[in-house]
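In what follows, residues are counted from 1 in the order of the sequence shown. Read the numbers this way: they start at 1 and go in the same order the structure lists the ligands and their atoms. Computed over heavy atoms, backbone and side chain alike; hydrogens, waters and symmetry mates excluded.
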Amino acid sequence: MNQNDLKNLTIENARYLLDSRQVSSLELTESYLERIDNTESDINSFVTVSKDTAINDAKNADTLIGSGNQKLLTGIPLQLKDNLCTRGIRTTCSSKMLENFIPPYDAFVTEKLKNQGAVLLGKGNLDEFAMGSSTENSAFQSTKNPFDITRVPGGSSGGPAASVAASQCLFSLGSDTGGSIRQPASLCGVVGLKPTYGRVSRYGLIAFASSLDQIGPITHTVKDSAMVLNNIAGFDSNDSTSLNVPVPNYLETIDKGIKGFKIGVPKEYFHEGIDPEIEKIIRDSLKVLENLGAEITEISLPLTEYALSVYYIIAPSEASANLTRYDGVKYGFNYIESESMWDGIEKTRQFGFGDEVKRRILLGTYALSSGYYDAFYLKAQKVRTLIRKEFEDAFSNFDVLAMPTSPSTAFKLNEKMDDPMQMYLNDIFTIPANIAGIPSISIPAGMSHELPVGLQMMSGALQEEKLFQAAYAFEQATEWHKIKPEI
Ligand code: GLN
């Protein structure tokens, strides 16, 4: 397949081409590997390209298709964020600490995709341990935005979002703790879904903040997103927070339309810091939804303003605990020229972790330390409960809420690296969904100065069907998802 054909390909139409034998998985896979070869020097979205296993997966997929036993994702080339464990393939978290870590097991989602016969092209770059909003915190490389390679792709799933936007793969999986799927999806003009907390098993996702982390798809279209979620969601006894409830077939309800849908628009998401062009694009998008039959109502969620503060206490606290395991003893980087055991542990952490990770460990350790625990951690947990309750109340009156995904479009590389607060503010609209554990999607909704703008929608817990319905209706009525970068 030629490179331009890849640009218009979705999982849905690739499935058709594979099943009607117009293309084999091997041809498709080789085309993507060639595309990666041609574009990687500009985009830097892969930490590892697993060429040999990809070719092998593709040949196996062709055998399956030949025997008529293919599934929805058989033969479909994909990427996985490099914090998702892949047996036998390096999984680095874009950290020096795990630079040479080869997991002895697969994440639940990796196994699910393998069982489908999907083709793994490689591992996507991220901010170290998923901490960041620009992918510049990777210990290895900065990923570039395919729409403008002088700009960031967002983060922390910048590799996954950029690789889908640059048509280096048909889809990728990211992780979202405070916006890491949706914000990069918005900045790269693709579809990013954070499912309900517990909808997708976190087994084999290298932990950042365990009460917030969730895995989800980054795709070209809403239908592709539903197809992927159908195949990665579900109960897993290896994750005690995974929800033991049936997974609906999201494709069955996706095209039901949104006549009579009640959509709430929280006014707190249109504050002064938001780029006026983004505000206009989102307001225009609301009109599109209204024309499709939805009822739009402005509402107020006054606790929204506390979400960012709550997040920057809870997430670092959990991270400080989760990251204690990197001591150079069990696995990962190990500073060998140490004088004693304690010196070894200290130096391993000093040289193994980057600055942002250390900042989070310090913040979290401080918030959890005796004397500060009640004032910070406990207080944050209480406010979290109130925020969750505020959303629950909203969803007793509304099907979905709509708002911008990010207050800005893709910013310049290095623009915010010296100012962590500015970087943190980029997630102000995405963090509340993680705090509340509810699903949320970002879809392409416009362009500002030739850069993509995302519309975000949230729904009540386990109501992903409603998100897909609304997002699909919007996508069918607009052309934004068809705009591809030049590259
Ligand atoms: N950007 C946020 C942070 O730095 C969110 C990251 C994420 O969702 N993994 O923590």
Self-check item: Counterpart residues, salt bridge (Lys or Arg N to Asp or Glu O under 4.0 Å), relative to Lys114 (two or more places apart)
Solution: Asp106

Exercise. Would you please name every residue forming a salt bridge (Lys or Arg N to Asp or Glu O under 4.0 Å) with Arg199, sequence neighbours left out?
Key: none

Quiz item: Quick one: do the Lys194 and Ser440 side chains pair a donor with an acceptor below 3.5 Å?
Solution: no

Practice problem: Go through the steps for Lys96 and Glu99 under the test salt bridge (Lys or Arg N to Asp or Glu O under 4.0 Å), then give the verdict. | Solution: CA-CA 5 Å; Lys96 191 167 178 214; Glu99 190 168 4; 5.9 Å; no

Quiz item: Would you say the side chain of Asn434 lies within less than 4.5 Å of the side chain of Asp176, judging by non-hydrogen atoms?
Solution: yes

Exercise. Return the set of residues passing salt bridge (Lys or Arg N to Asp or Glu O under 4.0 Å) with Arg283 (not counting sequence neighbours), or none when no residue passes.
Key: Glu279

Self-check item: Neighbouring residues of ligand 1, heavy-atom cut-off under 4.0 Å
Solution: Ala130, Met131, Gly132, Ser133, Ser156, Asp176, Thr177, Gly178, Gly179, Ser180, Phe208, Tyr311, Tyr312, Arg360, Asp427

